[in-house]
Amino acid sequence: MKTQKEIVVGIIEYISRNLIGAEQVLTELDSHIGDGDCGIGVRKGFEAVQKIIPELNTIELADIFKKVGFTLAYTIGGTSGAMLGTGFIELGKGLKEKTEPDILDWVFAVNFALEGIKRRGGNTKVGDKTMIDALEPAVMSMINSVDTNKEINPVYILEKALTSAREGSENTVNLAAKKGRASYLGERSIGFKDPGSVVICIILESAYDYLKKSV
Amino acid sequence: MKTQKEIVVGIIEYISRNLIGAEQVLTELDSHIGDGDCGIGVRKGFEAVQKIIPELNTIELADIFKKVGFTLAYTIGGTSGAMLGTGFIELGKGLKEKTEPDILDWVFAVNFALEGIKRRGGNTKVGDKTMIDALEPAVMSMINSVDTNKEINPVYILEKALTSAREGSENTVNLAAKKGRASYLGERSIGFKDPGSVVICIILESAYDYLKKSV
Amino acid sequence: MKKIMNLPENFVKEMLKGLAEAKPDTLGYIPEKRIIYRKDPFTNKVALISGSGSGHEPDQAFYVGKGMLDAACAGPIFAAPTLDSIVDAARLIDKGRGVLFLVKNYTGDRANFEMASEMIEFEGGPIVETAIINDDVAVKDSTFTAGRRGVAGAIFVYKIVGAKSEEGTNIDELKKLALDVNANVRTMGYALKSCTHPEKGSPTFELGTDEIELGVGLHGEPGRQRIKTERANVTISRLLDSIVSDLPFKPGCEVAMMINGLGGTPVSELYIACSIAHDILKAYGIKVFKSYVNNYCTSLDMEGCSISLLNLNEEFKHLLLMPADIPIRYF
Amino acid sequence: MKKIMNLPENFVKEMLKGLAEAKPDTLGYIPEKRIIYRKDPFTNKVALISGSGSGHEPDQAFYVGKGMLDAACAGPIFAAPTLDSIVDAARLIDKGRGVLFLVKNYTGDRANFEMASEMIEFEGGPIVETAIINDDVAVKDSTFTAGRRGVAGAIFVYKIVGAKSEEGTNIDELKKLALDVNANVRTMGYALKSCTHPEKGSPTFELGTDEIELGVGLHGEPGRQRIKTERANVTISRLLDSIVSDLPFKPGCEVAMMINGLGGTPVSELYIACSIAHDILKAYGIKVFKSYVNNYCTSLDMEGCSISLLNLNEEFKHLLLMPADIPIRYF
Ligand SMILES: Nc1ncnc2c1ncn2[C@@H]1O[C@H](COP(=O)(O)OP(=O)(O)O)[C@@H](O)[C@H]1O
Ligand SMILES: Nc1ncnc2c1ncn2[C@@H]1O[C@H](COP(=O)(O)OP(=O)(O)O)[C@@H](O)[C@H]1O
Ligand SMILES: [Mg+2]
Ligand SMILES: [Mg+2]
Ligand SMILES: [Mg+2]
Ligand SMILES: [Mg+2]
């Protein structure tokens with residue numbers, strides 16, 4: 001059986017491959033309500049992550065996330081560079097020094113990442129038409145799974161979280177943006193899906209796919 | 001019988017009235033191949049001349065022309081201000097101190113004015129599509145009248161000169177401008193009559209009309 | 001789209017190279033990080049860094065020099081600079097007295113500067129403080145909740161804080177001064193024609209031949225209102241009314257006025273705006289201490305202008321008049 | 001046509017009013033004669049006057065100040081100043097050392113300055129000399145016989161002769177110096193988009209969306225050639241080839257380079273041109289002593305740029321670096 005570190009690096013490889021493949025989709029979404037660079041930036045960021053995969057295998061679990069986060073923030077630029085970078089770094093911080101976190105530790109860390117991004121975005125809220133519209137429902141679903149349902153199977157937890165994220169992402173279509181560059185379009189941003197929310201869905205989907213295969 | 005000074009002032013009054021009346025014609029011609037200000041400028045200039053008519057009656061013959069010339073140059077601006085101003089000033093200079101010039105003196109002075117304008121324009125030549133295309137044939141005709149034909153009747157001399165000026169002015173239609181603002185249009189200036197050449201025709205016509213009536 | 005450029009993706013790199021080559025003695029340039037910095041070995045001074053997306057030139061790489069900024073981080077066109085650019089610039093330019101970030105209020109810019117600060121703190125780098133600039137009154141009545149945008153008023157912040165920093169003032173006082181300038185400056189602009197992003201190739205927004213956009217943003221964001229063209233008298237009045245009532249600027253007060261071209265408007269028209277603004281301010285009883293009329297903070301080739309008023313005190317006046325040895329100049 | 005203006009016929013008057021109001025301490029303004037002049041009581045100095053049609057701002061009223069011009073006569077847009085404006089300016093500004101007219105080579109400008117000189121001489125006014133500037137290499141092969149036009153190279157003439165005049169140099173030497181600068185400067189430009197005369201209301205010429213005009217004139221006069229758009233690398237090469245081969249500028253020589261915006265082009269693009277020009281001149285073995293990149297001599301809102309090279313000697317270098325206290329500046 002794989003160690004948690006091996007699984008995490010495997011998930012990061014999946015995420016990288018899938019987000020690089022999504023360049024065109026993201027860029028097209030960002031051209032409607034942003035400046036059309038979301039796909040380019042994300043691709044550049046995860047190409048840089050692919051290059052450090054060997055190094056990731058040699059460091060501590062929490063540092064893997066921090067390292068990925070800084071790499072993204074160094075290479076993407078713009079808003080998504082800061083947001084995704086912050087997310088990974090805070091996730092690393094949220095794991096504290098734990099080398100074998102349990103499911104509650106993981107959900108705590110993911111929630112810590114969510115709070116970090118919201119803070120970084122200037123107190124982003126659900127309904128602002130950003131990646132938070134996908135991420136917050138997903139994290140709420142995870143909390144609900146472990147808290148109320150006492151669910152401990154990560155594949156199930158992720159599957160439900162992914163469903164919530166996708167719903168949240170779809171909902172952004174009907175929203176007028178209140179944060180980020182799309183907010184300058186005001187009402188004219190209605191009718192288009194937020195690209196950052198799609199990034200979140202792809203990240204969760206990649207994690208789910210990988211886990212389903214490996215456990 | 002009128003003195004030469006009285007006749008000159010009378011002619012200047014005629015010229016002023018007729019050129020002020022030609023504002024629209026001149027402006028329209030200048031809009032085709034220039035910047036459309038020729039009529040405005042010329043009107044302003046001769047309105048100023050009308051104001052100094054009383055003063056003109058009190059000064060020497062040569063100074064009348066100089067005074068008119070400076071007034072034009074002060075008020076018209078642009079190229080025609082300098083050219084017409086120069087023409088009148090040089091005419092005054094060409095009369096030297098003569099108070100009762102004979103017909104040869106007059107033709108000498110008009111030729112002096114022609115040379116002054118050509119010099120001022122940067123050695124303007126016939127064919128450059130400027131007022132010189134009307135003025136030079138007119139002056140040549142005058143020289144020819146007094147020189148070869150020994151004609152001494154100023155009305156006859158002016159009538160022939162006016163015919164030459166009108167022919168020259170008509171000819172500018174088929175020319176590409178080589179001097180002045182219209183030259184920047186190059187070949188595109190072909191097909192339009194030069195406004196400055198029309199000014200020359202109106203000046204000669206006014207002199208002819210006045211003389212015919214008064215002698 | 002026609003522009004003086006080679007490949008659109010090299011727009012920013014080639015522009016900064018041109019700047020560095022125009023001022024080889026005074027400016028350093030790190031192409032991979034898009035950093036322009038002061039090369040002279042200044043000491044005993046807090047370092048000032050600004051950064052944002054490119055496309056607002058001369059803001060801000062062209063304000064790097066003694067008496068103004070010490071380094072500038074340029075992002076891609078209209079996109080925040082990357083984290084590493086900011087971190088490297090801070091490390092490079094710090095002289096032991098700390099680094100003050102002067103940041104215009106945009107999500108991406110704030111987020112990247114914030115991360116850079118955390119990262120520098122985490123790694124035990126220089127002391128870092130940040131002052132956020134948000135002078136655009138156009139955003140007030142909108143539903144946007146990213147807050148007021150930072151626009152041309154930022155240049156007054158750079159100038160005043162830059163002059164003060166040369167006196168050896170400490171970082172906390174400089175930050176206070178920056179926020180004080182920001183609190184006293186208000187800006188509003190209008191566009192006659194949209195800008196065209198070189199990589200996009202088509203105008204960011206479309207204005208009819210008889211329309212203007214009031215309160216437009218520096219990236220072509222929509223403004224308060226789209227109206228029919230009118231005499232400049234009327235439009236400049238609208239801008240000044242919004243500005244004056246916002247602070248508010250009171251009769252008898254003294255201001256510095258900036259008439260800022262948005263990139264595609266010639267100085268002749270900016271001076272017409274200047275003439276009109278002088279008349280209007282006189283009617284308000286507001287005294288213009290000094291007028292700044294030029295392209296200070298642009299939006300690529302956008303046509304139009306913004307007006308900024310800075311409510312003055314004696315210190316602001318003194319610092320505005322200090323020399324600034326910046327690369328954007330005539331002689 | 002959209003412009004920041006009120007009535008088109010008041011364009012020049014309001015612009016000059018704005019200038020005078022922006023610099024009330026240093027500039028005088030005579031509205032009826034469209035004269036801008038230095039108000040400080042300078043002495044023992046030949047006075048320098050330039051003048052031409054308006055629409056080329058900051059040329060030339062915006063160059064009036066210690067170290068550059070002493071007065072400027074503005075004509076209507078694209079039309080020579082009137083005789084009385086020139087005569088009055090000369091009388092007003094003369095300090096007993098004479099007045100040097102610096103005139104760009106256009107029929108109307110030359111004629112009016114020439115008449116003014118004659119008139120002043122006739123009336124026993126100040127000593128007057130004139131230096132004609134004709135730096136535009138584009139006109140060489142054309143059929144126009146008014147001769148080469150005077151364009152942005154004029155600004156180098158004002159700057160160098162202006163600095164020298166502050167040393168108390170006499171009028172003959174200053175005229176010689178002006179002609180010497182003129183003999184060593186060459187300029188060529190290109191347009192991406194025509195200008196629009198405010199009183200005319202429509203573009204002076206029409207360029208296709210994929211066309212540029214090489215060697216365009218400052219009033220929108222046709223240039224050498226209309227060609228398809230291409231990378232700036234190629235176009236800047238064309239300009240520099242024409243310029244370098246014309247003087248000719250020899251390998252090893254040292255130049256001042258001016259990248260001059262034509263009014264509607266943002267500085268970012270001008271600095272891209274600067275970067276390209278540096279590379280090309282390096283290949284020629286020509287050393288750039290100093291780069292001047294900005295809007296120096298424009299054509300209303302025309303898009304495009306011109307490049308001027310000035311072949312330097314030690315005196316030119318020294319005088320270029322002297323300060324000039326002119327109203328067009330940033331701080
Ligand atoms: N305040 C914010 N909080 C969280 N995410 C945000 C915020 N503002 C924007 N985003 C996300 O950033 C995405 C755009 O990223 P990117 O294209 O890099 O931004 P930009 O080009 O505007 O700098 C948006 O789709 C949105 O999901
Ligand atoms: N070099 C020249 N010599 C003589 N006349 C000239 C010359 N250049 C232009 N003109 C005359 O000037 C007239 C235009 O006058 P005006 O409209 O005042 O000029 P602009 O507006 O170009 O300054 C032309 O019609 C032409 O006859
Ligand atoms: Mg984007
Ligand atoms: Mg005309
Ligand atoms: Mg972006
Ligand atoms: Mg004219």
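Under the 3.5 Å distance criterion, with hydrogens and angles disregarded, no donor-acceptor pair is assigned to the side chains of A:Asp133 and A:Thr172.
Ion pair C:Glu114/A:Arg119 not flagged as a salt bridge, since none of the NZ, NE, NH1 or NH2 atoms sits closer than 4.0 Å to an Asp/Glu carboxylate oxygen. With respect to the salt-bridge test (charged N to carboxylate O, under 4.0 angstrom), the residues A:Lys129 and A:Asp194 do not qualify.
Ranked by heavy-atom pairs shorter than 4.5 Å toward chain A, the options C:Asn112, C:Thr204, C:Asp109, C:Ile86 are led by C:Asn112. Between chain A and the residues C:Glu118, C:Lys33, C:His219, the most heavy-atom pairs under 4.5 angstrom are made by C:Glu118. Note: C:Met119 leads C:Met119, C:Arg110, C:His197 in heavy-atom pairs under 4.5 Å with chain A.
Contacts of A:Ile76 with chain C are made by backbone atoms alone, with heavy-atom separations under 4.5 Å and no side-chain atom involved.
Here the side chain of C:Lys193 pairs no donor or acceptor atom with the backbone of C:Pro203 at under 3.5 angstrom.
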